[in-house]
Amino acid sequence: MGYLDNNGTTKPLQRVIDAMRQALEHSYGNPSSAHRMGQDARRVLEAARATIAASLGAEHPSELVFTSGGTESINLMFALLADPAHRQIVISAVEHSAVIDAAHRWGGGRRVIEIPVDEAGRLNLDELAKVLRGARSLVSMVYANNETGVIFDLPAIQRLCATHGASLHIDAVQAPGRIPVHLSEMGADMVSLSAHKFHGPKGIGALYVKAGSVHAAPLLPGHQEGELRGGTENLPGIVGMAEAASELPVSLEAMGRVSQIRDDLERELTRRIPGVVINGHRARRLPQTSNISFLNRNAADLVARLARRDFSVSAGAACASGKKPSHVIRAMTHSDERANSSVRLSLSRFTTANEVERAVSTIVEVYAATLPAVVR
Ligand code: PLP
């Protein structure tokens, strides 16, 4: 068995599970209640918020609004950040579908402009500058791409937004534990986060909201979360997220070893399989992500065959896996062949060299078993 789909989701840490069970058993008061059980739960909640803020470099815990995960944070951001002065929404051509869908759903009829990337997946900054010069914009950019791991040049994006008076949201869902994240130094108005990508539980995330950046009403009205997100807080989830956030330095430290295993994997696959192309900038990407096109093969087919051999990998984003060719690889390469054949292998601090060696042998076998009828 091998699990190489950590950009899809990660294994929760044991301490996350233990803390969540503890919260479910003992901190079940409603944090909004005035009685002792409620106030105890409130203290647990605020301690967790402070831990997450400290781990991710927010200046103040109140800048974090808990949501049900990355998708909700992104949707909430569009609701809160958009103001009538924004004439257009500017995203990249390689955003997660959560951003693309939310931009159209909550854009209020504004034009949604997609900035192209180059073949290595890097944002075309000249094009961004040109578009921002045209009109006041709300910009949403992914920090580290979920399919290729390519890391955008955040300081350059931030400078352009500041120069042209644009608001900036960063989708940092894939970053924590893989590259350093310091919320207050990102220069963004809002940042989206999701716990299940860094060994926390699913269904919990946060939107970092810089003071003064809220222009409009929330999606879910209510008095909780500074009136920015109504509904009784998911205390076990929040506690689990805090436990996972506390261990981010441990994950980060492991990334040196993990990137070596990832590089070995790419070297071996390139050596043993003809027609293997690595997608994305080799240096400017997450240390644990590999995106590979197996030319002349169908990615969904390869993924299904690997799944039958108990290896979990994915074609494109987990939520789009196998349904359609990757819009990310297509935007980078303008090649249907590269997009149709791209497979994502994503590692974590728990991935071992042995697991990756077995993955390579299995991929080589599966690849051979799917040889086209006419061997060229
Ligand atoms: N943004 C990116 C870059 C992602 O990779 C994901 C999840 O795959 C999301 C947003 C959505 O996050 P969630 O699964 O917590 O809704």
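One-based numbering, in listed order, for ligands and for the atoms of each. Count residues from 1 along the sequence. The structure presented is a predicted model; accordingly, all values stated were derived computationally and were not measured.
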Exercise. Heavy atoms only: which of His196, Gln174, His96, Glu147 is nearest to atom 14 (O) of ligand 1?
Worked result: His196

Exercise. Got a salt bridge between Arg267 and Asp264, using NZ or NE/NH1/NH2 to carboxylate O under 4.0 Å?
Worked result: yes

Problem set entry | Check ion pair Arg42-Glu233 (N to O, under 4.0 angstrom) | yes

Problem set entry | Interfacing atoms of ligand 1 (cut-off 4.0 Å, heavy-atom, Gly70) | 12 (O), 13 (P), 15 (O), 16 (O)

Problem set entry | Arg297 to Tyr367, cation-pi by 6.0 Å centre distance and 45° axis angle | yes

Exercise. Are Glu25 and Arg21 within salt-bridge range, i.e. N to O under 4.0 Å?
Worked result: no

Problem set entry | Atoms of ligand 1, numbered as shown, that sit under 4.0 Å from any heavy atom of Gly69 | 15 (O)

For this session: Check each atom of ligand 1 against the heavy atoms of Ile74 and keep those under 4.0 Å away; list them by number with element.
Result: 10 (C)

For this session: Could you point out which residue of Lys210, Glu63, His169 forms a side-chain contact (heavy atoms from CB on, under 4.5 Å) with Met190?
Result: His169

Seminar exercise, completed: Ser342 and Ser293 have their tightest heavy-atom pair at CB-OG, 3.6 Å

Problem set entry | Lys197 contact mode with ligand 1 (heavy-atom cut-off under 4.0 Å) | side chain

Exercise. Just which atoms of ligand 1 are under 4.0 Å from any heavy atom in Ser194?
Worked result: 13 (P), 15 (O)

For this session: Check Thr71 against ligand 1 and report side chain, backbone, both or neither, counting heavy atoms closer than 4.0 Å.
Result: both

Problem set entry | Side chain, backbone, both or neither: the part of Glu72 lying under 4.0 Å from ligand 1 by heavy atom | neither

